[in-house]
Number of protein chains: 2
Amino acid sequence: MKYSKATNYALHTMVYLIALPKGNTIGVHSLAEMQDLSPTYLSKILTKLAKGGLIESTPGVRGGYKVSKAKDSISFLDVIKTVEGESNLFNCSMDHHEGCMIENVMIEAEQNMKDDLAAKFLIEITNKMDEQSINNIKGKAN
Amino acid sequence: MKYSKATNYALHTMVYLIALPKGNTIGVHSLAEMQDLSPTYLSKILTKLAKGGLIESTPGVRGGYKVSKAKDSISFLDVIKTVEGESNLFNCSMDHHEGCMIENVMIEAEQNMKDDLAAKFLIEITNKMDEQSINNIKGKAN
DNA sequence: ATATTAAAGACTTATATTATCTGTAATTGA
DNA sequence: TCAATTACAGATAATATAAGTCTTTAATAT
Ligand code: SF4
Ligand code: SF4
């Protein structure tokens, strides 16, 4: 059981987007280049984040992506939920779920993780980025 | 990201083994039948649990499996760790991990889940099984 | 108009999970 | 000793999911 690479890419991308000056956008090409991955693949992930309401996009010349919420309000959980989906880590395929105690235990444990992830904000990561990286990103903004 | 079916099978199997009278063993055939799955596949999972020290096996006629620790000491985490392995949910493939703050956040969140799973014991599930199920298992002991 | 950008869908490839098949070794009991 | 029973190991196959590519379309600014 592992988080997908897509989650990794999404988290890093969000950190970059948060580092952008307010209102600026950056294209998927630059974002992919910084993470050394294919733009088309990252594009899918960005579309997911956009549909999830975390970022917004503008097509066309000088278009790109920017965050669509207050930068200090975006939690790790927000990103992970959007990319990985909402379903539970443990899901039994049987159909007599009512009152299942095994599921209850698993769901409760998972909730502890989620609570923690909901209280951790990406801006904390961005705030600790070094000056050079920040300037690098700003330089790539549209 | 999901827990594997193997984890589900392992948890149920452990509940059954804990329900057995102390010292009794039960074969993989019966355990698989109760969960409606292939004995050979379950066998692999049981071997893993045995190597992990949670259960012990005796081959040969009237052999089978039994728990190898105090029944009230076996936690959900014990089982999950044995089946799913020890690696972290989030693992970045880059090689500059030192002091990575993203990883720190993820690992800490995961630890909250693990702490909870380590405090939940399978015997609680067994204790709440109905009489009929318990007797069914006892009847299949060797 | 044209260049640039995101979005969408079909498709392929890679990887992990799930499952089966076959054979071997250990143990019991007749 | 012999036969039945059981766990164990390894190869293989089947399936599901994730990861990544390719191509086309649509929107936008200059
Ligand atoms: S008891 Fe719960 S986990 Fe077990 S088979 Fe039923 S629903 Fe699934
Ligand atoms: S900062 Fe952390 S998560 Fe990001 S690439 Fe480096 S090691 Fe991986």
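For the numbers below, each heavy atom of this structure counts, side chains included, while hydrogens, waters and symmetry mates do not.
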Would you please name every residue forming a side chain to side chain contact (heavy atoms under 4.5 Å, CB included) with [X], sequence neighbours left out?
| X | value |
| --- | --- |
| Asn112(A) | Asn112(B), Asp116(B) |
| Asp115(B) | Gln111(B) |
| His97(A) | Cys92(A), Glu103(A) |
| Ser38(A) | Thr40(A), Tyr41(A) |

5' priority, DNA chain C, between Tyr9(B) and Arg62(A) [closest heavy atom]: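 Mapping each residue to its closest nucleotide by heavy atoms, the 5'-most match is Arg62(A).
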
Result for 5'-nearest mapping on DNA chain C, choosing between Thr40(A) and Gly63(A), is Gly63(A)

Quiz prompt | Smallest separation among heavy atoms of Ala10(B) and Ile45(B), with atom names | solution =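 Result for this residue pair: CB-CG2, 3.9 Å.
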
Residue pair Val61(A)/Pro39(A) against DNA chain D: nearer the 5' end by closest nucleotide is Pro39(A)

- request: Tell me, with the steps shown, if Asn136(A) and Ser133(A) meet side chain to side chain donor-acceptor pair (under 3.5 Å).
  value: CA-CA 5 Å; Asn136(A) 179 38; Ser133(A) 304; over 6 Å; no

At a 4.0 Å cut-off to heavy atoms of chain A, the contacted part of DNA chain C spans dA3(C) to dT17(C)

Under 4.0 Å between a side-chain N or O of Ser57(B) and OP1 or OP2 of dC8(D)?
-> yes

Below 4.0 Å: OP1/OP2 of dA19(D) and any side-chain N or O of Ser4(A):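 Answer is yes, contact under 4.0 Å.
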
Atom pair distance, as rounded to whole Å: [atom1] in [X] and [atom2] in [N]:
| X | N | atom1 | atom2 | answer |
| --- | --- | --- | --- | --- |
| Tyr41(B) | dA16(D) | OH | P | 13 Å |
| His29(B) | dT5(D) | NE2 | P | 11 Å |
| Lys44(B) | dT6(D) | NZ | P | 19 Å |
| Tyr3(A) | dA19(D) | OH | C1' | 19 Å |
| Glu56(A) | dT28(D) | CD | C1' | 15 Å |

Under a 4.0 Å heavy-atom cutoff, the residues of residues 12-28 of chain A touching DNA chain D are none

Quick note, salt bridge (charged side-chain N to carboxylate O under 4.0 Å, His left out) partners involving residues 44-55 of chain A, not counting sequence neighbours, are none

Nucleic acid contacts of residues 46-55 of chain A, taken as heavy-atom distances under 4.0 Å to DNA chain C: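 Hits under 4.0 Å, by residue number: Thr47(A), Lys51(A).
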
Original post:
In residues 64-71 of chain A, what residues come within less than 4.0 Å of DNA chain C, judged by heavy atoms?
Top reply: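 Of all residues in residues 64-71 of chain A, the ones placing a heavy atom under 4.0 Å from DNA chain C are Gly64(A), Tyr65(A).
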
side-chain hydrogen bond (donor to acceptor under 3.5 Å, both in side chains) pairs touching residues 57-69 of chain A, sequence neighbours excluded, are none

Residues pairing under side-chain hydrogen bond (donor to acceptor under 3.5 Å, both in side chains) where one sits in residues 78-90 of chain B, two or more places apart or in two chains, turn out to be Lys2(A)-Ser87(B), Ser4(B)-Glu84(B), Thr7(B)-Glu84(B), Ser75(B)-Asp78(B)

Is there side-chain contact between [X] and [Y], with at least one heavy-atom pair below 4.5 Å?
| X | Y | answer |
| --- | --- | --- |
| Leu46(B) | Leu42(B) | yes |
| Phe121(B) | Asp72(B) | no |
| Val105(B) | Glu124(A) | no |

May I have the list of side-chain donor-acceptor pairs in residues 13-30 of chain B shorter than 3.5 Å, sequence neighbours left out?
from: Thr13(B); atom 1: OG1; to: Tyr9(B); atom 2: O; distance (Å): 2.8
from: Thr13(B); atom 1: OG1; to: Gln35(B); atom 2: NE2; distance (Å): 2.8
from: Thr25(B); atom 1: OG1; to: Gly63(B); atom 2: O; distance (Å): 3.4

### Sidechain-backbone polar pair: Glu110(B) side chain, Met113(A) backbone, donor-acceptor under 3.5 Å
no

